[in-house]
Amino acid sequence: MKKDLLSIHDLSLSEIEGIFELAAELKARQKRGERYTPLMGKTLAMIFEKPSTRTRVSFEVGMHQLGGHALFLNPRDIQLGRVETVADTARVLSRYVDGILIRTYSQERVEELACHSSVPVINGLSDLTHPCQILADLFTVKEKRGELKGLKVAYIGDGNNVAHSWLYGAAKTGIDLSIARPRGFGPDEGVLSKALKDAEASGARLKVMDDPIQAAKGADVLYTDVWASMGQEEEHAKRVKAFKGFQVNQGLVAIAKRDVLVMHCLPAHRDEEITDEVLDGPHSIVLDQAENRLHVQKAILVKLLG
Ligand code: CP
Ligand code: NVA
């Protein structure tokens, strides 16, 4: 049966560990300059209904490095959702390509595409989740710290798609995750309750709070993301006001662990959710994070399309 990657919630811990093992192997091969092409002759269609730098480039380069081909589909140029249903698009694309990546608004659209497609579908970000990002983030933290279980991660900012996938990822891997956000800015109750259920099995501790200082105290990882996500541009000014006090700055770094890792999925709004000083400072691993999108997604591609 075909397998999709729609949410980290759908993955088992051993599937996550399998992705990380393969990602480490593919990264090592790449660093040695080895050519490894298990996806020779395979094509990935990539539908982007929102802009992207990292996701688009890392998937396209990843397919190329694995011997396959990636096809960028701009919604302005294809029939999806305008004159053709998501279901018909899924059925037709399935006759041409070996996998479909989609970045879109609703999670339901990703699920509908997967439901009607006979080839694997990968979620490249929806309003609700961003699984590829958080798999790469977890892999990056594991590379730096060896173990994920028991690590203290503080997510400061909007309870958005990135925070939701962090909840799912932390719940699977046994992380102690504290999300500090202003009241009324997520996380989604449904996501939280599903993650809390998984946390019972893994021993993860998941907390949502109002106080960034409480979250950051003694943290191994300080994580943030933009306050206004793609599609919320008109709320930007209102959000900047609401998130006052939720900036990741030197003050928060100072109360975290001495060797705290600072992470951001990027793109960053510099001097809004994070200061330049911290984003470019000695604790920041944002470029390693961005690089690992490539290696982790190559592992996902080999597992789903190989
Ligand atoms: N982090 C991330 O998904 O970046 P892009 O929006 O550039 O793909
Ligand atoms: N929360 C952000 C993540 C971008 C990678 C957004 O959805 O715009």
Side-chain angles (χ1 to χ4, degrees), residues 5-8 23 44 46-63 70 72-75 100-110 122-141 155-169 179-182 185-188 191 221-240 242-243 246-248 261-270 272-274 279 284-298 300-301:
L5 176 56
L6 308 185
S7 168
I8 295 180
L44 177 74
M46 309 195 301
I47 303 169
F48 279 88
E49 298 193 280
K50 290 176 177 173
S52 167
T53 298
R54 280 143 289 268
T55 307
R56 177 182 174 178
V57 175
S58 54
F59 268 104
E60 193 161 335
V61 169
M63 277 304 283
F72 177 72
L73 300 175
N74 186 323
I100 306 171
L101 168 78
I102 182 163
R103 165 169 289 195
T104 189
Y105 292 86
S106 75
Q107 181 81 10
E108 290 71 30
R109 199 168 172 89
V110 181
I122 300 172
N123 175 1
L125 180 147
S126 73
D127 288 344
L128 194 73
T129 59
H130 195 2
C132 296
Q133 176 69 54
I134 280 59
L135 287 170
D137 295 342
L138 292 168
F139 176 78
T140 308
V141 176
Y155 178 101
I156 314 289
D158 190 20
N160 60 13
N161 44 9
V162 168
H164 292 155
S165 287
W166 259 104
L167 280 168
Y168 285 144
I179 296 183
R181 80 327 170 213
F185 291 92
D188 178 84
V191 170
V221 175
L222 275 181
Y223 198 107
T224 191
D225 181 19
V226 291
W227 292 336
S229 284
M230 290 179 272
Q232 298 174 326
E233 289 79 5
E234 75 293 346
E235 293 177 29
H236 181 252
K238 179 190 109 186
R239 284 174 168 266
V240 168
F243 283 86
F246 286 80
Q247 184 186 62
V248 172
L261 302 172
V262 172
M263 302 179 78
H264 190 310
C265 58
L266 305 179
H269 286 179
R270 286 171 172 267
E272 272 185 23
E273 74 275 3
I274 189 163
L279 191 67
S284 173
I285 56 164
V286 297
L287 293 177
D288 296 328
Q289 236 184 303
E291 178 188 331
N292 281 334
R293 294 291 302 277
L294 173 68
H295 308 300
V296 168
Q297 288 163 191
K298 281 170 72 181
I300 293 166
L301 288 166

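Atoms within each ligand, like the ligands themselves, are counted from 1 in listed order. Here the structure is a predicted model, which means the values were calculated and not measured. Starting from 1, each residue takes its place in the sequence as its number.
Judged purely by atom type and a 3.5 angstrom limit, E235 has no side-chain atom pairing as donor or acceptor with the backbone of A228.
The residue from T53, D225, V162 that puts a heavy atom closest to atom 1 (N) of ligand 2 is D225. Among R293, M230, R103, the residue whose heavy atom lies closest to atom 6 (O) of ligand 1 is R103.
Taking a 4.0 Å cut-off on heavy atoms, L125 fails to register as neighbouring ligand 1. A heavy-atom separation below 4.0 Å is not found between K50 and ligand 1.
A donor and an acceptor atom, one from each side chain of S58 and Q297, are located under 3.5 Å apart. Between the side chains of E291 and H295, at least one donor-acceptor pair of N or O atoms lies under 3.5 Å.
Nearest non-hydrogen protein atom to atom 7 (O) of ligand 2 is N161 ND2, 2.8 Å. For atom 8 (O) of ligand 2, the nearest protein heavy atom (residue, atom name, distance) is M230 N, 2.8 Å.
Taking every non-hydrogen atom of Q133 and a distance limit under 4.0 Å, the qualifying atoms of ligand 1 come out as 1 (N), 2 (C), 3 (O). If you number the atoms of ligand 1 from 1 as listed, the ones under 4.0 Å from a heavy atom of T53 come out as 5 (P), 7 (O), 8 (O). Those atoms of ligand 2 that come under 4.0 Å of a heavy atom in L266, given as number and element, are 5 (C). Per-residue contacts place C265 under 4.0 angstrom from the following atoms of ligand 1 (heavy atoms of the residue considered): 1 (N).
Checking only distances, R103 never comes within under 3.5 Å of ligand 2, N or O to N or O.
Contact annotation for L125 and ligand 2: only side-chain heavy atoms (C-beta onward) come within less than 4.0 Å of the ligand.
A salt bridge links K50 with D127; the closest basic N to acidic carboxylate O contact falls under 4.0 Å.
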Side chain to side chain donor-acceptor pair (under 3.5 Å) evaluation trace for T129 with N123: CA-CA 8 Å; T129 59; N123 175 1; 2.8 Å; yes
H164 and Q107: CA distance, side-chain angles, deciding distance, side chain to side chain donor-acceptor pair (under 3.5 Å) verdict: CA-CA 12 Å; H164 292 155; Q107 181 81 10; over 6 Å; no
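A distance of 6.0 Å or more separates the ring centres of W166 and Y155.
Figure legend: R239 and F185 shown without cation-pi pairing, the cationic atom not lying both under 6.0 angstrom from the six-membered ring centre and within 45 degrees of its axis.
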